[in-house]
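Working notes, structure below.
Residue numbers start from 1 in every chain, and the chains themselves are labelled A, B, ... in the order their sequence lines are given, proteins ahead of strands.
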There are 2 protein chains.
Amino acid sequence: MSRRIPASTIRRLSHYLRSLEDIEGEGRETVSSEELADRGQTTAAQVRKDLSHFGSFGKRGLGYRVDELRVRLLEILGVDRVWKVALIGAGRIGSALFEYPAFESRGYECVAIVDADPEKIGAMWGALRIRPPEEIESLIGSLGIELFILAVPAQAAQQITDRAVGAGIKGILNFAPIRLKVPSHVAVEDVNLVMQLEALSFAITQRG
Amino acid sequence: MSRRIPASTIRRLSHYLRSLEDIEGEGRETVSSEELADRGQTTAAQVRKDLSHFGSFGKRGLGYRVDELRVRLLEILGVDRVWKVALIGAGRIGSALFEYPAFESRGYECVAIVDADPEKIGAMWGALRIRPPEEIESLIGSLGIELFILAVPAQAAQQITDRAVGAGIKGILNFAPIRLKVPSHVAVEDVNLVMQLEALSFAITQRG
DNA sequence: CGTCGCTTGTGAAAAACGTCACAAAATCTA
DNA sequence: TAGATTTTGTGACGTTTTTCACAAGCGACG
């Protein structure tokens, strides 16, 4: 029941949540920390320690009720509600993300698409019309957008970020390969595929 | 000059490498640990500690020679050569990745595309023809493929992984939302956008 | 009801990771 | 050459994160 939670704990909670959904799909009603550990890449003690940051949800001798723990994890992770998301950048990555079914299934709802390319502005993606960057502030305000998925070239990313921050954005999933500067109350998660590929080639090279 | 390197160090090395390329582009010849720290999200001591795992590349009083350190980082990360990559899954994500310019610029060369959809098999993407899954083993063998970019539905991922491992694959960049089971000599990096969005919503909810 | 088997929750120990502080090495200046 | 100045490389230290170990809680069963 502490205050400061490690980022690695949060990642594992996401994974537990997915496992719980699988387990629920299998029709099971309870699960032990050991089984959750096996399905993740961790240990039973780690599972219990992770959960203990937020309360005690299990029953000794029995384990955790699957649906109960699932709902608690949804609450903890803040995905027990809909998040209004804007997709900034209607290129290849943006297009792939827009169709990515996993987002909607977790309550992330794309309510706006923005692109700077005059050829794209005005086009329809599904029910959404692509908007020009000038409308960023008004879109955030009128639609209640809290999250940005930022899939624009690196040189445009900081400028757009500054405007989004000014208009009250709360979090950014950043695909641009730069470190965005934001005030401390704005959350940023970087997606960096080159970095992950380099982690692979390092690991392989290391082992010879 | 130690043996076991923290994953966080590797991520930072990738970032230093990008910074060095920027700095070189600005025409500078040397750089201090402090400047590298400023461009990353870290401290000068951390930069020096990270580098010290692999040797001592700087000159006291001067800093690091930009081009020299850049080349050393390329070697350390294993990107001082070409990696033959296969793209498994020619859907939206696969398409976005295939056109992603950053991959080629770091020496990751896509030499094969595989998809299970009969409607896609045989189609050309650039100079590459989309292959059926049955050819996975022979493609790995004949083309010298070492890395997979796995962008297929979750239920197909483990099966394809098993076959790739059997045929000698060394690393997998996994977009499927499951934890792949692989022998310890195979490296896996998971790309999990839902997990990253959940990290955002957690952070925002926490501060709420 | 008492005991047995199972599994949680949690302090305490250990390990991993990051920070600090400073001696050592390099250049520059005179 | 000597002294001033800069910045690295690294052992010692502090903090964070993981692992360990076990008391305590729960259900089952005779």
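Remark: B:Thr43 is in phosphate contact with C:dT19, judged by side-chain N or O atoms under 4.0 Å from OP1 or OP2. In terms of phosphate contacts, A:Arg48 brings no side-chain nitrogen or oxygen within less than 4.0 Å of OP1 or OP2 of C:dG9. Note on A:Gln46: every side-chain N or O is 4.0 Å or more away from OP1 and OP2 of D:dT17. Between C:dG9 and A:Tyr64, a contact under 4.0 Å exists linking OP1 or OP2 to a side-chain N or O. OP1 or OP2 of C:dG18 sits under 4.0 Å from a side-chain N or O of B:Ser8. Residue A:Thr42 places none of its side-chain N or O atoms closer than 4.0 Å to OP1 or OP2 of D:dT18. Contact check, B:Arg12 against C:dG18: a side-chain N or O comes under 4.0 Å of OP1 or OP2.
One interatomic measurement links the two molecules: CD of A:Glu34 to C1' of D:dT19, which rounds to 15 Å at whole-angstrom precision. One atom, CD of B:Glu29, and another, P of C:dT27, lie 15 Å apart when rounded to the nearest Å. Rounded to an integer number of Å, the gap from CG of A:Leu51 to P of D:dT18 is 13 Å. The separation between A:Leu62 atom CG and C:dC6 atom P is 13 Å, rounded to whole Å. If you take NZ of A:Lys49 and P of D:dT16, they are 15 Å apart, rounded to a whole angstrom. In this structure, B:Lys59 atom NZ and C:dA24 atom C1' are separated by 15 Å, rounded to whole Å. Look at CG on B:Asp38: it is 12 Å from P on D:dT7, rounded to the nearest Å. One atom, CD of B:Glu68, and another, C1' of D:dT8, lie 14 Å apart when rounded to the nearest Å.
Residue-level contact check: B:Ser33 touches the backbone only, with heavy atoms under 4.0 Å from sugar-phosphate atoms and none from bases.
For C:dT7, its base never sits under 3.5 Å from the side chain of A:Arg60 at any donor and acceptor pair.
Residues B:Asp67 and B:Arg65 are paired through a salt bridge, judged by an N-O separation under 4.0 Å between the basic side chain and the carboxylate. The residues B:Arg81 and B:Glu146 are annotated as salt-bridged, a charged nitrogen and a carboxylate oxygen being separated by less than 4.0 angstrom. A salt bridge links A:Arg28 and A:Glu35; the closest N-O separation between the charged side-chain nitrogens and carboxylate oxygens is under 4.0 Å.
With a 6.0 Å radius and a threshold of 12 heavy atoms from other residues, nucleotides or ligands, A:Glu21 has its CD atom above the threshold.
Ring pair B:Tyr108/B:Trp83 is parallel by interplanar angle, where below 30° counts as parallel and above 60° as perpendicular.
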